[in-house]
Amino acid sequence: MLQQTRVEAAIPYFEKFLQLFPTLRALAEAEENAVLAAWSGLGYYSRARNLHKAAKKLSVEGIPAAQDRDAFDQLRGLPGVGPYTAAAVASIALGLPHAVLDGNVMRVISRVAADPGEVSAPGTRRRFGELADQLLDRRRPGDFNQAMMELGATVCVPRSPACAECPVSRFCAGRAAGIERELPVKKRAAEVREVALELVVLQQAGEVFLVRRAETESRLAGFWELPEKRRMAGLAGAPQKSFTHQIVNDRFRVNVWHTRRRNTKTERIAEGRWVPLCALGDLPVTTITKKALQALGLDPPIPSRAVGV
DNA sequence: AAGTCGGGGAT
DNA sequence: ATCCCAGACTT
């Protein structure tokens, strides 16, 4: 649950899981649907499937013990258990000397060592991992790892680190050099370019929906969805994300935008044509895929026309 | 090495 | 509006 998810967000789900699946056997014998239902709202649902598979595997092969020479490798071999999770369980649950390297620790290490390495580069990860292993308190590896992550989450935060309250600022090379805010170095994401947008009006069972499909290089490409009510209500307001709707009198249009991710730059490149507006009704706030539309018997019709560049 | 998966909080 | 999160897996 803690993979890419804040502790506070995971806690209620964790407690619900212990209620629903109090033992390894209970989880292993549960239906996958029940596991996914309990996970619903947490996101990254492959984590739930992997957790379920791991429980099944562990219930057959047994749970790794601290005495096992290959305890770390056993953990690493479970579905959904990568370098971070294997090190976290090995150190916290089994007391074994494996340093964790997550987003928080990477930030702390990069600053303490004033290391300008790009964080996604394999060489940087290896270097940070080696330093974390050197720093690790081998008598209390679990506590050390949690302390490193907590330091990153509460003091050595991304935007404005609280160096005055930091227990290790005396040893921090990044702080000494005054570059703590520049670290860690991250690669800028590639530009995402929106190339077209199709828009159709879908009439079904007396209700009228506006359905759009973004033809982009992003992950929305090819998906049909219902526009959010908030965007429709925004009318001539500020743009949101990569396209907006405008409604004036009895017509509507869609504006298409260039977007860059992680670069704070949104550049307007085209405005859609004005087309007649049907009665919109009360639009649901939801996002659905083309597949889901078909399952509901709401096959999207032929697009009325493509708008944009 | 790059892309994908999500919901939510902080700034 | 953007960034980031106690990452892992596939391509």
Query raised in the report: For residues 126-142 of chain A, which residue pairs qualify under salt bridge (Lys or Arg N to Asp or Glu O under 4.0 Å), counting only residues two or more places apart or in two chains?
Result: A/D115-A/R127, A/R126-A/E130, A/D137-A/R139, A/R140-A/D143
**Report entry** For A/T154, side chain to side chain contact (heavy atoms under 4.5 Å, CB included) partners two or more places apart
**Finding:** A/E150
Query raised in the report: Is the distance from OP1 or OP2 of C/dC4 to the nearest side-chain N or O of A/R107 less than 4.0 Å?
Result: no
Query raised in the report: Distance between the P atoms of B/dG6 and C/dT11, in whole angstroms?
Result: 16 Å
Query - P-based separation of C/dC9 from B/dG8 [nearest Å] - result: 24 Å
Report summary line: Considering only heavy side-chain atoms of A/N104, the closest of B/dG6, C/dC5, C/dA6 is C/dA6
Query raised in the report: Which comes earlier along DNA chain C counting from the 5' end, the contact point of A/G103 or that of A/R6, where each point is its nearest nucleotide?
Result: A/R6
Which atom pairs link the protein and nucleotides 9-11 of chain C when you take only N or O atoms and keep those under 3.5 Å?
| unit_1 | atom_1 | unit_2 | atom_2 | d |
| --- | --- | --- | --- | --- |
| C/dC9 | OP1 | A/G80 | N | 2.4 |

For residues 29-46 of chain A, run the donor-acceptor check on the side chains, cut-off 3.5 Å, and write out each pair with its distance to 0.1 Å, sequence neighbours left out.
| unit_1 | atom_1 | unit_2 | atom_2 | d |
| --- | --- | --- | --- | --- |
| A/E29 | OE2 | A/R25 | NH1 | 3.2 |
| A/W39 | NE1 | A/G43 | O | 2.9 |
| A/Y45 | OH | A/G41 | N | 3.0 |

Report task. Can you tell me, in whole Å, how much space there is between the C1' of B/dG3 and that of C/dA6? Result -> 23 Å
Query raised in the report: Relative to the 5' end of DNA chain C, which residue comes earlier, A/R159 or A/R47, by the nucleotide with the nearest heavy atom?
Result: A/R159
Query raised in the report: Which of residues 119-130 of chain A have a heavy atom under 4.0 Å from DNA chain B?
Result: A/P122
Query raised in the report: Counting only side-chain N and O atoms of A/S46, is one of them less than 4.0 Å from OP1 or OP2 of C/dA8?
Result: no
Report summary line: Residues joined to A/V112 in its hydrophobic cluster, side chain to side chain under 4.5 Å directly or through other members, sorted by chain and number, are A/Y84, A/V100, A/L101, A/V105, A/M106, A/V108, A/I109, A/V119, A/F128, A/L131, A/L135, A/L136, A/F144, A/M148, A/M149, A/L151, A/V155, A/V168, A/F171
Report task. Report yes if at least one side-chain N or O of A/Q4 is closer than 4.0 Å to OP1 or OP2 of C/dC5; otherwise report no. Result -> no
**Report entry** Proximal nucleotide (of C/dA8, B/dG6, C/dA6) relative to the A/M149 side chain
**Finding:** C/dA6
